[in-house]
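This report concerns only the one structure given below.
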Amino acid sequence: MKSNHIIFSLVVLATATLTGCAVNNDRTEWSGTGLSYHADITPNLDGSYTASVEASPNNGRIRGAIALATKDAANYCKAQDKGFKNHRRKNELSFTCKWSRYS
């Protein structure tokens with residue numbers, strides 16, 4: 001009986017340790033029919049920024065995450081009264097905020 005309790009505890013501990021988001025979960029949102037995990041916008045060394053989002057399968061997984069990250073990036077630039085310029089590389093959204101000539 002005691003060995004079952006120890007095994008169960010080890011399984012719970014291993015599961016809690018090994019399961020995690022690929023994205024630092026700074027903000028969780030309910031969007032569409034599932035959850036999405038948003039990391040804060042982070043600056044890169046070249047002056048650009050990175051937006052990271054993990055979306056549930058019901059949100060379109062990769063396509064949904066890219067759409068949500070693009071929305072986060074555009075809102076980040078809009079808050080600075082700047083325009084958004086996408087520099088997407090593979091599944092990472094790298095972007096810059098540029099002054100708009102029309103603002």
Side-chain angles (χ1 to χ4, degrees):
M1 183 68 143
K2 187 172 181 164
S3 64
N4 286 343
H5 181 66
I6 292 172
I7 292 171
F8 177 76
S9 297
L10 289 174
V11 168
V12 169
L13 180 64
T15 302
T17 303
L18 297 175
T19 59
C21 296
V23 172
N24 185 15
N25 186 16
D26 295 316
R27 190 177 82 245
T28 302
E29 291 183 359
W30 182 266
S31 53
T33 58
L35 292 173
S36 58
Y37 306 100
H38 301 250
D40 289 338
I41 303 293
T42 55
N44 299 325
L45 295 176
D46 63 357
S48 65
Y49 300 93
T50 298
S52 302
V53 175
E54 183 178 348
S56 69
N58 290 340
N59 283 338
R61 199 49 144 174
I62 293 173
R63 285 190 351 227
I66 291 170
L68 292 169
T70 302
K71 183 179 175 185
D72 286 353
N75 289 338
Y76 183 82
C77 292
K78 185 177 180 182
Q80 299 177 32
D81 289 329
K82 295 180 181 178
F84 162 75
K85 183 170 183 186
N86 188 351
H87 304 286
R88 183 171 171 243
R89 291 175 245 152
K90 294 191 179 183
N91 291 331
E92 177 185 282
L93 179 65
S94 179
F95 67 96
T96 53
C97 297
K98 299 286 186 184
W99 291 106
S100 171
R101 73 169 73 164
Y102 303 109
S103 55

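Computed from a predicted model, the values in this text were never measured in an experiment.
Across every non-hydrogen atom of Y37 and T28, the tightest pair is CD2-OG1, 3.6 Å. Shown here for N44 and S94, the closest heavy-atom pair between the two residues is ND2-OG, 3.7 Å. In this structure, I41 and A51 approach most closely via the heavy-atom pair CD1-CB, 3.6 Å. Of all heavy-atom pairs spanning A55 and A65, the tightest one is CB-N, 3.7 Å.
Between S36 atom OG and N59 atom CG the span is 6.0 Å, to the nearest 0.5 Å. Atom CH2 of W99 is separated from atom CG of D81 by 7.0 Å, given to the nearest 0.5 angstrom. Remark: K98 NZ to C77 SG distance equals 10.0 Å, nearest 0.5 Å. To the nearest 0.5 Å, the span separating NE2 on H87 from CG on D46 amounts to 8.0 Å. With rounding to the nearest 0.5 Å, the separation of CD1 in I66 from CG in L93 is 8.0 Å.
Listed by first and then second residue, the ring pair (Phe, Tyr, Trp, His ring centres under 6.0 Å) pairs that reach into residues 59-82 are Y49-Y76, sequence neighbours excluded. Within the structure, salt bridge (charged side-chain N to carboxylate O under 4.0 Å, His left out) contacts touching residues 65-80 (residues at least two apart or in different chains) are R27-D72.
Side-chain contact, N58 with S56: no donor N or O sits under 3.5 Å from an acceptor N or O.
Without hydrogens or angle criteria, D26 side chain to D40 main chain gives a donor-acceptor distance under 3.5 Å.
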| Audit row: E54, H38, side-chain contact (heavy atoms from CB on, under 4.5 Å) steps and yes/no | CA-CA 7 Å; E54 183 178 348; H38 301 250; over 6 Å; no
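Taking T70 as the reference, nothing meets the side-chain hydrogen bond (donor to acceptor under 3.5 Å, both in side chains) condition, with sequence neighbours excluded.
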